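Single-structure report; data block below.
Excluded from the calculations below are hydrogen atoms, water molecules and symmetry mates; all remaining heavy atoms, backbone and side chain alike, are included. Because the structure is predicted, anything quoted here is derived from the model rather than measured.
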Number of protein chains: 2
Amino acid sequence: MNKEDIINIMSDKYAHLNDECKLEFSNYSQILTLKKGEVLVKEGQISDKAYFIVDGSTRAYYLKDGKDITDWFAFENDFICAINSFFQNIPSPHYIEVLEETTLLVISKDDIMKLSDKYHDYERLTNRVATKTMLKLQARIVSMQFQTAEQKYQNILLAYPNITQRVSLTHLASYIGITLETLSRIRKLKTRI
Amino acid sequence: MNKEDIINIMSDKYAHLNDECKLEFSNYSQILTLKKGEVLVKEGQISDKAYFIVDGSTRAYYLKDGKDITDWFAFENDFICAINSFFQNIPSPHYIEVLEETTLLVISKDDIMKLSDKYHDYERLTNRVATKTMLKLQARIVSMQFQTAEQKYQNILLAYPNITQRVSLTHLASYIGITLETLSRIRKLKTRI
DNA sequence: CGAAAATTTGATCGAAGTCAATCATTGTGG
DNA sequence: CCACAATGATTGACTTCGATCAAATTTTCG
């Protein structure tokens, strides 16, 4: 896929961009293809890049006391960045890695800021991305606070019906805030009933 | 305080607004003063209003199986709205109430959208509000996922050192996702040591 | 094919929840 | 301005869900 097509998808999904804005965005961004397991961001690094997933999947995770905890998945037509580092210019607590062969569009924060200052359309697009992310985080807090391990699992299946085919149960369990063992037991019960 | 002063504070805190934009915002917004316990939004209501707290405090909460769970506090110079209802035009799962005598600036979603479409400055301001909220939610997820009840309490004290003087322990406990009894026990230990 | 990674299964434990009974503080009407 | 009801906070006894630790089994892939 070429950059213009990708930017059109983005424009359709988030907010309309005028032609001049699209063109300039195209000039500022690069297409990147990575193999499974390759790393976009490492812990401790200050990352000023945002990634739009054209095809494939990625996850952000931390190592908390040696344990690998997935904090975010991003699939086709999603954005991902090292959220704390990107917005607060601090060392990233997250790693970001690619879960399969993945094609991305990369743009730097500087360029996003230039585009946002110059084009109202682009400011609107980043606003929509932030707002959608905000709503998703809000829903996740409700899920974490009120749901049992089993409800959390059912809930993620509703949002992403085929997620178990795309990510390992280890990553999925840590994402919904339960242990791998508990997830395994929940799944066992479900197939029985 | 008059509207112009309030809008200047908002412009300073979030993103600069030009004079024309400030003036128009002033025309679209209303000052409202409420007494302790008065309600801004009720569960089930579709709320299209955003509130900027000039002075006082508010909280958003749900009734989950009869239990009152605080989901958000807003103090001076914070925004608050019924986040799900406002952005997705659905019945609000939240109530929003005023915790003490509180002065607010109210603006409707329609007017926010008009201002955002017309003024790049205003779009930028709403973008900043969404981004800040997103980062706060993200931090809260990390806190909920990794911290013990005691760490959650220490954590909220770091962010809001005098929060226990402004909100009841009942509300605080539910906000950090622990029971009132557990919070009480944590506080007892701390004063002893 | 065989090693490494992922998942399942089992046994045990503990942090925090629940339920229940005071105790303390606050605010209002007589 | 006090009484006392209502609300908020503390304390205790007990329970539970899901974590942890450990081992076995299955899957993946070089």
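- Between B:L180 atom CG and D:dT11 atom P the separation is 12 Å, expressed in whole Å.
- B:G37 comes within contact range of no nucleotide atom at all, as no heavy-atom separation falls under 4.0 Å.
- B:K67 comes within 4.0 angstrom of the backbone, heavy atoms only, and of no base.
- Remark: the A:D68 side chain and the A:S174 side chain contain no N/O donor-acceptor pair separated by less than 3.5 Å.
- Judged purely by distance below 3.5 Å, without hydrogens or angles, the side chains of B:Q138 and A:D71 pair a donor atom with an acceptor atom.
- Following rounding to the nearest Å, A:Y153 (OH) and C:dT8 (C1') show an atom-to-atom distance of 14 Å.
- Neither OP1 nor OP2 of C:dT7 sits under 4.0 Å from any side-chain N or O of A:S184.
- One interatomic measurement links the two molecules: CD1 of A:I186 to P of D:dC17, which rounds to 12 Å at whole-angstrom precision.
- Comparing A:Q147 and A:E181 by the nucleotide of DNA chain D that holds the closest heavy atom to each, the one mapping nearer the 5' end is A:Q147.
- Rounded to an integer number of Å, the gap from A:Q165 CD to C:dT7 P is 12 Å.
- The 12-atom threshold is not exceeded at NZ of B:K36, counting heavy atoms of other residues, nucleotides or ligands nearer than 6.0 Å.
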Give the intermediate values and the outcome of ring-ring contact (aromatic ring centres under 6.0 Å, His included) for residues B:F73 and B:Y160.
-> CA-CA 11 Å; B:F73 291 112; B:Y160 300 97; 7.7 Å; no
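- Contact annotation for A:I178: backbone-only contact, meaning every heavy-atom pair under 4.0 Å involves sugar-phosphate atoms and none involves a base.
- Listed nucleotides C:dG10, C:dG17, C:dT7 differ in distance to B:T182; the shortest reach to its side chain belongs to C:dG17.
- Phosphate contact (OP1/OP2 of D:dA9, side-chain N/O of B:T170, threshold under 4.0 Å): present.
- Taking the six-membered ring for Trp and thresholds of 30 and 60 degrees, B:Y62 and A:F146 have ring planes more than 60 degrees apart, a perpendicular arrangement.
- Spacing between atom CZ of B:R185 and atom C1' of D:dC14 amounts to 11 Å, rounded to whole angstrom units.
- Distance, A:R187 CZ to C:dT9 C1': 15 Å, rounded to whole Å.
- On a pure distance criterion of 3.5 Å, no polar donor-acceptor pair joins the side chain of A:E150 and the base of D:dC17.
- When distances run from any side-chain atom of B:K188 to the nucleotides D:dT11, D:dG18, D:dA9, the shortest one goes to D:dT11.
- Rounded to whole angstrom, the span from the CD atom of B:E101 across to the C1' atom of C:dG27 amounts to 16 Å.
- Among the atoms of the strands shown, base atoms are found under 4.0 Å from some heavy atom of A:T179.
- Atom CG of A:L99 is separated from atom P of C:dA6 by 11 Å (rounded to the nearest Å).
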